[in-house]
Amino acid sequence: MSEKVLIIEDEQAIADSVAYSLAKEGFEVLTASDGTQGLALAEAEKPDLLILDLLLPGVGGLDVCRTLRRTSNVPIIMLTARGEEVDRVVGLEVGADDYVTKPFSMRELIARVRAVLRRVQPEQVSPDGILRSGDLEINTRQHLAYRCGQSLRLTLKEFEVLRILVAHRGEAVSRKMLLDEVWDGVRYRDPRTVDVHIRWLREKIEENPSRPRRILTVHGVGYKLVE
Ligand code: CA
């Protein structure tokens, strides 16, 4: 079955050329020209990936991203214009997985789409690839995480941060290392992005997220996972 990509973009020429290129690559393509329509389509069609323009009339890209993230882990690639550095950081903070700056080549965009999909797709399982720490279990091959046997709903970035913390359990992991590993290739990186993702992870795995007992803050360094 081909993967379904939803494009939310108000500039018709861009939407058309992205849709055309993706369809030619064998993707099933849906398009929306504003945020409201995009959210409705995302809800109804459950796409495998979203390409989301930052500047949309009405409900903007960041709000679309934020709204989706309340219920969905769908991979999101944001489209931004040059000079929107700050918005890009905010984009990653609200849960986008990657972004592409306009103007971009179709080849570049399709490469990003494939890379993001590859990271989220379950691969053939092998008995290895399982990391454990206390009640947490990370299946690195399948990109699945469990707490007390219950599946955790994590975004791609949250999963990667947790995977690294579990792999280095008991050790302080620096913000820089997390940025380098998880946000590799993202040109404009801000340590606050790490902090925001840690906060979300705590909400998902801590009994009391405001008094974390699993993911501890190591002042001046970063974070440490303890059992
Ligand atoms: Ca736009």
Side-chain angles (χ1 to χ4, degrees), residues 1-121 153 155-158 182-190 192-193 196-197 200:
M1 218 175 74
S2 63
E3 285 144 331
K4 207 187 276 182
V5 178
L6 170 59
I7 304 164
I8 308 177
E9 165 65 84
D10 59 314
E11 286 161 80
Q12 196 63 45
I14 296 178
D16 286 348
S17 60
V18 172
Y20 174 80
S21 303
L22 286 170
K24 216 171 68 177
E25 294 288 317
F27 291 97
E28 186 184 338
V29 183
L30 303 160
T31 57
S33 56
D34 65 55
T36 309
Q37 191 194 1
L39 281 169
L41 265 178
E43 171 71 23
E45 297 284 340
K46 305 276 182 261
D48 298 294
L49 182 133
L50 242 86
I51 296 175
L52 174 62
D53 188 32
L54 182 66
L55 290 176
L56 293 167
V59 184
L62 291 177
D63 286 326
V64 170
C65 198
R66 225 175 259 132
T67 304
L68 276 170
R69 277 292 172 257
R70 286 189 207 129
T71 56
S72 160
N73 297 326
V74 62
I76 299 174
I77 298 178
M78 295 212 71
L79 301 180
T80 69
R82 274 190 203 291
E84 292 173 345
E85 297 279 353
V86 174
D87 290 333
R88 267 179 234 168
V89 175
V90 176
L92 295 173
E93 284 183 359
V94 297
D97 295 288
D98 203 349
Y99 64 82
V100 172
T101 308
K102 294 177 186 174
F104 52 84
S105 72
M106 286 304 152
R107 185 185 292 194
E108 180 193 358
L109 180 65
I110 286 164
R112 297 288 189 94
V113 166
R114 291 204 187 286
V116 168
L117 285 173
R118 209 179 302 125
R119 279 185 278 158
V120 290
Q121 262 163 18
R153 291 169 60 93
T155 67
L156 188 57
K157 295 298 186 196
E158 288 166 3
V182 179
W183 284 270
D184 179 36
V186 177
R187 235 178 312 138
Y188 188 93
R189 294 186 292 188
D190 187 323
R192 281 173 306 176
T193 306
V196 170
H197 282 75
W200 290 339

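What's counted below: heavy atoms across the whole structure, side chains too, no hydrogens, waters or symmetry copies.
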Among all residues two or more places apart in sequence or in another chain, which pass the side chain to side chain donor-acceptor pair (under 3.5 Å) test with [X]?
X    : result
K4   : E45
R153 : none
E28  : none

Give the C-alpha distance, both sets of side-chain angles, the deciding distance and a yes or no for side chain to side chain contact (heavy atoms under 4.5 Å, CB included) between V18 and M106. CA-CA 7 Å; V18 172; M106 286 304 152; 3.6 Å; yes
Which atoms form the tightest heavy-atom contact between [X] and [Y], and what is the distance?
X   : Y   : value
G38 : L6  : O-CD2, 3.5 Å
L56 : E9  : CD2-CA, 4.0 Å
A19 : T31 : CB-CG2, 4.1 Å
L68 : A42 : CD2-CB, 3.8 Å
A96 : C65 : N-SG, 3.6 Å
L41 : A32 : CD1-CB, 4.0 Å

Counting only heavy atoms not in K24, do more than 12 sit closer than 6.0 Å to its NZ atom?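 At most 12 heavy atoms, drawn from other residues, nucleotides or ligands, come within 6.0 Å of this atom.
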Over 12 non-hydrogen atoms of neighbours within 6.0 angstrom of CD in E108: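 Counting other residues, nucleotides and ligands, CD of E108 exceeds 12 neighbours.
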Applying side chain to side chain contact (heavy atoms under 4.5 Å, CB included), name anything that partners [X], two or more places apart in sequence or on another chain.
X   : value
T71 : none
S33 : Q37
S72 : V74

From [atom1] ([X]) to [atom2] ([Y]), nearest 0.5 Å:
X   : Y   : atom1 : atom2 : result
L62 : T80 : CG    : OG1   : 10.5 Å
L55 : M78 : CG    : CE    : 8.5 Å
L30 : I7  : CG    : CD1   : 8.5 Å
I14 : I51 : CD1   : CD1   : 11.5 Å
F27 : S21 : CZ    : OG    : 11.0 Å
S2  : L22 : OG    : CG    : 11.0 Å

Do the side chains of [Y] and [X] get nearer than 4.5 Å, heavy atoms only?
X    : Y    : answer
R112 : Y99  : no
E25  : Y20  : no
L79  : L109 : yes
L156 : V116 : yes

Run the salt bridge (charged side-chain N to carboxylate O under 4.0 Å, His left out) test against D34 and tell me which residues pass, sequence neighbours left out.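 For D34, no residue satisfies salt bridge (charged side-chain N to carboxylate O under 4.0 Å, His left out) once neighbours in sequence are set aside.
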Sorted by first residue and then second, give each salt bridge (charged side-chain N to carboxylate O under 4.0 Å, His left out) pair with at least one member in residues 10-21; sequence neighbours left out.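 Checked against salt bridge (charged side-chain N to carboxylate O under 4.0 Å, His left out) - neighbours excluded - the pairs reaching residues 10-21 are E11-K102.
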Within residues 67-77 or reaching into it, pairs that qualify as salt bridge (charged side-chain N to carboxylate O under 4.0 Å, His left out) - sequence neighbours excluded: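 Every salt bridge (charged side-chain N to carboxylate O under 4.0 Å, His left out) pair that includes a residue of residues 67-77, provided the two are not neighbours, is R69-D97.
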